[in-house]
Amino acid sequence: MTGAASGIGLAISARFARAGAGVVMADVDGDALRRRAAELEAQGAAVTAVTADLTDPDAVERLADTAFDLLGDIDVVCNNAGVLGPVGQPLWEVPLARMRRVFEVNHWSHVLVARAFVPRLLECGRPAHLIHTASMSAFVVGAGSAAYAASKHADLAVAASLRADLLGTGVRVSVLCPGRVDTPMVGDLTAPRGAGGDTSVSAEHVAGLVWEAIGSDRFYLFTNSDAPSRLRDQFDDVWRHVSLPPPSHEEKLWSVPKETPVVTKH
């Protein structure tokens with residue numbers, strides 16, 4: 001379980017541990033991770049805390065080594081690390097370094113974890129399940145959320161590609177698409193225009209949904225009751241454009257208005 005020091009990652013770790021599963025919890029925040037792991041251990045859970053920067057390929061390989069050494073066969077890999085990054089700013093005002101950081105954590109760390117774990121899962125030759133945490137922002141995008149939403153679109157594509165790559169094997173893939181969840185990451189954040197839904201759920205609710213999906217063929221895991229209406233609005237907008245008649249010659253968007261001067265070089 002990556003991103004396990006708080007929020008959804010912690011809740012899923014606790015849900016699996018309560019069921020008697022051995023859990024390897026990974027996070028870049030080692031202090032918070034060790035505190036949470038100790039709390040679960042005090043409740044009788046079999047958990048191991050591994051501090052790891054999941055944007056570092058070597059650290060991810062070490063995490064995979066540790067997980068397989070400790071647990072032997074692995075049944076579930078939850079690719080959950082994530083950061084919110086800058087919100088409320090238009091794309092041209094978002095510092096590029098911060099946008100790259102969002103992609104490093106939300107997208108590239110998920111790629112690295114999949115590349116480290118999936119070949120080993122296949123080699124084991126037994127059923128397993130890979131959960132990728134994306135977001136409703138992989139479908140519905142509002143103002144001021146370019147960095148986060150773009151990274152979640154990328155992770156949705158990775159999950160879908162993995163599902164196709166692993167078709168016919170024992171490794172299933174699901175993509176978790178929560179709406180607003182009451183976690184430290186969002187706190188008192190006011191969602192940018194068009195980016196948030198009308199409902200909020202607990203991290204424990206999300207963990208329960210993940211638990212129920214393990215071993216099934218469910219790909220999309222939606223957590224919030226307003227997901228159907230948000231998706232319908234999004235795809236209605238897509239379909240509206242698909243079904244528009246083609247523009248006439250005079251209406252083509254690339255045509256140059258007569259009053260627009262054309263500058264050429266000689």
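Throughout, residue positions are numbered sequentially from 1 according to the sequence presented.
- Residue pairs that meet the ring-ring contact (aromatic ring centres under 6.0 Å, His included) test with at least one member in residues 7-57, sequence neighbours left out, are F16-W211.
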Between I12 and I131, does a side chain to side chain contact (heavy atoms under 4.5 Å, CB included) hold up when you go through it step by step? CA-CA 11 Å; I12 296 176; I131 304 288; 5.8 Å; no
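- Annotation: ring-ring contact (aromatic ring centres under 6.0 Å, His included) contacts involving residues 125-147, sequence neighbours excluded, comprise H110-H132, F139-Y220, F139-F222.
- Every residue two or more places apart in sequence or in another chain that forms a salt bridge (Lys or Arg N to Asp or Glu O under 4.0 Å) with D65 is listed here: R120.
- Here K152 does not pair with D155 in a salt bridge; the nearest charged N to carboxylate O distance is not below 4.0 Å.
- Side-chain contact check for V210 versus I8: every heavy-atom pair is 4.5 Å or farther apart.
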Carefully, step by step, assess L40 and M25 under the rule side chain to side chain contact (heavy atoms under 4.5 Å, CB included). CA-CA 11 Å; L40 293 177; M25 303 169 62; 3.8 Å; yes
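- Counting only residues at least two apart or on different chains, the ring-ring contact (aromatic ring centres under 6.0 Å, His included) pairs with a member in residues 48-69 are F68-F117.
- With contacts defined as side-chain heavy-atom distances shorter than 4.5 Å, the pair L166/L122 qualifies.
- Under the 3.5 Å distance criterion, the side-chain polar atoms of D182 are left unmatched by any main-chain donor or acceptor of A203.
- The salt bridge (Lys or Arg N to Asp or Glu O under 4.0 Å) test applied to D53 returns no partner, not counting sequence neighbours.
- At distances below 3.5 Å, at least one donor-acceptor pair connects side-chain atoms of D27 with backbone N or O atoms of A4.
- By the side chain to side chain contact (heavy atoms under 4.5 Å, CB included) test, E204 pairs with A11, S202, sequence neighbours left out.
- Residues passing the salt bridge (Lys or Arg N to Asp or Glu O under 4.0 Å) test with D31, sequence neighbours excluded: R34.
- Scored by the side-chain hydrogen bond (donor to acceptor under 3.5 Å, both in side chains) test, D75 finds R126 as partners (sequence neighbours excluded).
- Annotation: side chain to side chain contact (heavy atoms under 4.5 Å, CB included) contacts of S225 (sequence neighbours excluded): T199.
- R172 is linked by a salt bridge (Lys or Arg N to Asp or Glu O under 4.0 Å) to D217, counting only residues two or more places apart in sequence or in another chain.
- Pairs passing the salt bridge (Lys or Arg N to Asp or Glu O under 4.0 Å) check and including a residue from residues 37-49, sequence neighbours excluded, read R36-E39.
- Proximity of a side-chain donor or acceptor of T2 to a complementary backbone N or O of N80 within less than 3.5 Å is detected.
- Checked by atom type and distance alone, the side chain of S151 never pairs as donor or acceptor with a backbone atom of H107 at under 3.5 Å.
- Here T223 pairs with nothing under the side-chain hydrogen bond (donor to acceptor under 3.5 Å, both in side chains) rule; sequence neighbours left out.
- Between P86 and V102, some side-chain heavy-atom pair lies under the 4.5 Å cut-off.
- Under the 4.5 Å side-chain heavy-atom criterion for Ile, Leu, Val, Met, Phe, Trp and Tyr, L54 and V28 are members of distinct hydrophobic clusters.
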